[in-house]
Amino acid sequence: MDTPLSTIAVVGLGTMGAGIAEVLALAGREVIGIDISEAAALGAVASLEASTARAVGRGRITEEERAAALARFRTADTLRAAADAELVIEVVPESYEIKQQVFRELDAIVSPTTILATGTNALSVTRLAAESQRPERVLGLHFFNPAPAMKLVEVVSSVLTAPPAVEAVTRLARELGKEPVAVGDRPGFVADGLLFGYLNQAAAMYEANYASREDIDAAMKLGCGLPMGPLALLDLIGIDTARTVLEAMYAESRDRLHAPAPILGQLSSAGLTGRKAGRGFYTYDAPGGQDVVPDALTPAAGAEAGTGRAVASVGVAGSGTMASGIAEVFAKAGYGVVLAARTQEKADLAKGRIAKSLERSVSKGRLTAEARDETLARITAAGSLDAFAEVDLAVEAVAEDLEIKQQLFAAMDKVCRPGAVLATTTSSLPVVAIARATARPEDVIGMHFFNPAPAMKLVEVVRTVLTADDVHATVRAVCAKIRKHPVDCGDRAGFIVNALLFPYLNNAIKMVEEHYASLDDIDAAMKLGGGYPMGPFELLDVVGLDVSLAIEKVLHQEFRDPGLAPAPLLEHLVAAGCLGRKTGRGFREYARR
């Protein structure tokens, strides 16, 4: 099978097939596009003409290169046109029956050495290969949409696949300018295997009325740096397609995290399959459109939950990175800030950290020297909570330990004036349990900032069943003044971001435990195929494995889902003191500074 793969047939000329054909033609391959639909074939030709014209206009290719690429692409309406192809890539609908029929027909047409590749992202490559007379030449070649732009290609081997076939398509992927990742045959492979579990949980979160669709999507974009929120992404992928992938994953894993959320089936049955239908989780300007238009669920512009309390001064309890970052945020927004720590020395060190942060902003031209001095002058460092006597809002940012936080809130309850709002920055603990440590639980709310607080725009606003309406309105108004984006969520473990993020990270660890893929391949797959700013193992090492394990345990304890149980490998690394970048070793080793 040592072949250059110079003539390639693409069976199925929908969006994905047309995109793959474009990539191949621009890379110098002779491409035969096959589809029984004349409209699909004409659409693929038109798509190639339009995309290459744009590429010429942007100076990426010459007019001569465009003409050559167009000349290398021809279409046909029968599989017989693939007779001379050295590689056939099928991207027909996700159905065993349809794909198996294609492979059976190709067996009688193509050369014995022709490689047959399936573009499935949900079905078993092994099961498809078993239908071929030569299963050793069948493999998976999973491109990502849009194929011309996305760099990742998953090369999927079954137990029957011959290594030379894998080597040939891996070499081809590199020649196309793609990043091939070798994976085994399991539903979803790496990228979709991790992505669709996360999307499913987001759908279930919305279905449970835990948070609005807008807040869920904003939380994951702003809290994790993702290019799209999960519900908007489900609309883009197609809700029916997502449900098919999840059904295949659940059939294989029996993991409840992969059992499709009922709302996916309900929307699919109603024909509300996302952008292609003009309506899914959101409503669009037209079928196939991408512009979201208001509907009955769209929040009214400027609608806020009532009138809040006046806030002129803010107390921040703590001396770590998060406390100093939050104090900096409030001071920049014009609030008088009291930064209180257990000792005056710790408080002064925390204020010194803020001074260095502000100085960096000045050196980068983001802040004037005058604004730096004014900001720093608004911050008073104090060695006792007694300094909170007159603040309007007290925010704690101490250790993520329930007992410590309860003790702190009991102390703030005694010090802070009546009517002051008391906020916790907990990321995983029950806010109501913290509130009950005071005699005024109605004044207590969660304000979960993200690290680094000066840079991250998201704040999760967490109401308990006891939180007063005007306290909620106060915090929403304060978030607007400090230029943060608030999202509302209820008082349950993980809130929005961590409840969706950490099961995804845990599943990535399980993939490594099962020797399904390497750390590097998983990280590459999620960055290149999912648009994540960091791979899961890069992120785990930055967050800290001990912090990650603590959050996983809280999620498992709250929801009692076996699929949320922390991966044993994570527990072993933490027990060994391998906590990530902060210790020089986690999933990877780091140079000590």
Side-chain angles (χ1 to χ4, degrees), residues 308-358 373-426 429 431-449 453-454 459 462 464 466-468 470-471 474-475 478 481-482:
R309 305 175 186 178
V311 175
S313 59
V314 178
V316 179
S319 58
T321 302
M322 181 60 82
S324 57
I326 293 171
E328 179 181 333
V329 167
F330 279 108
K332 280 181 177 176
Y335 288 100
V337 178
V338 177
L339 179 56
R342 285 179 292 179
T343 65
Q344 187 64 48
E345 182 182 12
K346 286 182 176 293
D348 290 338
L349 287 172
K351 185 174 179 179
R353 188 182 298 116
I354 296 170
K356 290 179 181 178
S357 173
L358 295 172
D373 295 341
E374 290 174 352
T375 299
L376 206 57
R378 294 189 191 106
I379 301 171
T380 301
S384 166
L385 286 177
D386 291 341
F388 282 8
E390 297 302 323
V391 301
D392 303 309
L393 167 65
V395 182
E396 70 79 12
V398 299
E400 190 72 350
D401 179 284
L402 183 58
E403 186 176 349
I404 291 173
K405 289 183 186 291
Q406 287 174 326
Q407 291 173 355
L408 178 65
F409 269 75
M412 289 197 302
D413 185 27
K414 295 175 182 177
V415 170
C416 294
R417 65 170 182 78
V421 175
L422 309 182
T424 172
T425 62
T426 182
L429 300 174
V431 177
V432 73
I434 298 169
R436 290 294 301 277
T438 74
R440 42 173 157 173
E442 68 279 3
D443 289 343
V444 179
I445 195 168
M447 283 186 78
H448 180 211
F449 288 80
V459 174
V462 188
T464 76
L466 302 174
T467 304
D470 65 340
V471 168
T474 300
V475 169
V478 165
K481 187 170 180 181
I482 62 176

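All of these numbers come straight from a predicted model, not from anything done at the bench.
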Any pair counted as salt bridge (Lys or Arg N to Asp or Glu O under 4.0 Å), so long as it reaches residues 396-405, sequence neighbours left out:
Glu396-Lys405, Glu400-Lys405
Tell me, do Thr375 and Ile354 make a side-chain contact under 4.5 Å, heavy atoms counted?
no
Who pairs with Asp386 by side chain to side chain contact (heavy atoms under 4.5 Å, CB included), at least two apart in sequence or on another chain?
Ser384, Val415
Applying side chain to side chain contact (heavy atoms under 4.5 Å, CB included), can you list everything that pairs with Ala433, at least two apart in sequence or on another chain?
Leu402, Gln406, Pro430
Residues in side chain to side chain contact (heavy atoms under 4.5 Å, CB included) contact with Arg440, at least two apart in sequence or another chain:
Asp413, Cys416, Ala420, Leu422, Thr438, Glu442, Asp443
Ignoring hydrogens, what is the shortest heavy-atom contact between Ala453 and Gly325? Give both atom names and the distance.
CB-C, 3.7 Å
Considering all heavy atoms of both residues, which atom of Ala382 and which atom of Ala347 are nearest to each other, and what is their separation?
O-CB, 3.2 Å
Show the atom names and distances, to 0.1 Å, of all donor-acceptor pairs under 3.5 Å that link a side chain in residues 332-342 to residues at least two apart or in another chain.
{"from": "Lys332", "atom 1": "NZ", "to": "Glu328", "atom 2": "OE2", "distance (Å)": "3.0"}

So which atom in Leu385 and which in Ala317 form the shortest heavy-atom distance, rounded to 0.1 Å?
CD2-CB, 4.1 Å
Run the side-chain hydrogen bond (donor to acceptor under 3.5 Å, both in side chains) test against Thr467 and tell me which residues pass, sequence neighbours left out.
Thr464
Going by ring pair (Phe, Tyr, Trp, His ring centres under 6.0 Å), name the pairs with one or both residues in residues 381-405, residues two or more places apart or in two chains.
none
Using side-chain heavy atoms (C-beta onward) and a distance below 4.5 Å, is Leu466 in contact with Val444?
no
Once side-chain hydrogen bond (donor to acceptor under 3.5 Å, both in side chains) is applied, do any residues pair with Thr343, and if so which ones, sequence neighbours excluded?
none
Indicate the atoms forming the closest heavy-atom contact of Ala323 with Val316, along with that distance.
O-CG1, 3.5 Å
Using modelled atom types and a 3.5 Å cut-off, is there a donor and acceptor pairing between side-chain atoms of Thr474 and backbone atoms of Arg309?
yes
Listed by chain and number, what are the side-chain hydrogen bond (donor to acceptor under 3.5 Å, both in side chains) partners of Asp348, not counting sequence neighbours?
Gln344
Those residues that, when tested against Arg353, pass salt bridge (Lys or Arg N to Asp or Glu O under 4.0 Å) (two or more places apart)
none
Working to the nearest 0.5 Å, report the span between CZ of Arg378 and CG of Leu376.
10.5 Å
Name all residues meeting the salt bridge (Lys or Arg N to Asp or Glu O under 4.0 Å) criterion together with Arg417; count only those two or more places apart in sequence or in a different chain, and write none if there are none.
Asp392
Is the count of non-hydrogen atoms from other residues, nucleotides or ligands lying under 6.0 Å from Glu390 atom CD greater than 12?
no
Do the non-hydrogen side-chain atoms of Ile326 and Thr425 ever get within less than 4.5 Å of each other?
yes
Any side-chain heavy atom of Ile482 within less than 4.5 Å of one from Phe449?
yes
When you look at CZ of Arg436, are more than 12 heavy atoms from neighbouring residues, nucleotides or ligands closer to it than 6.0 Å?
no
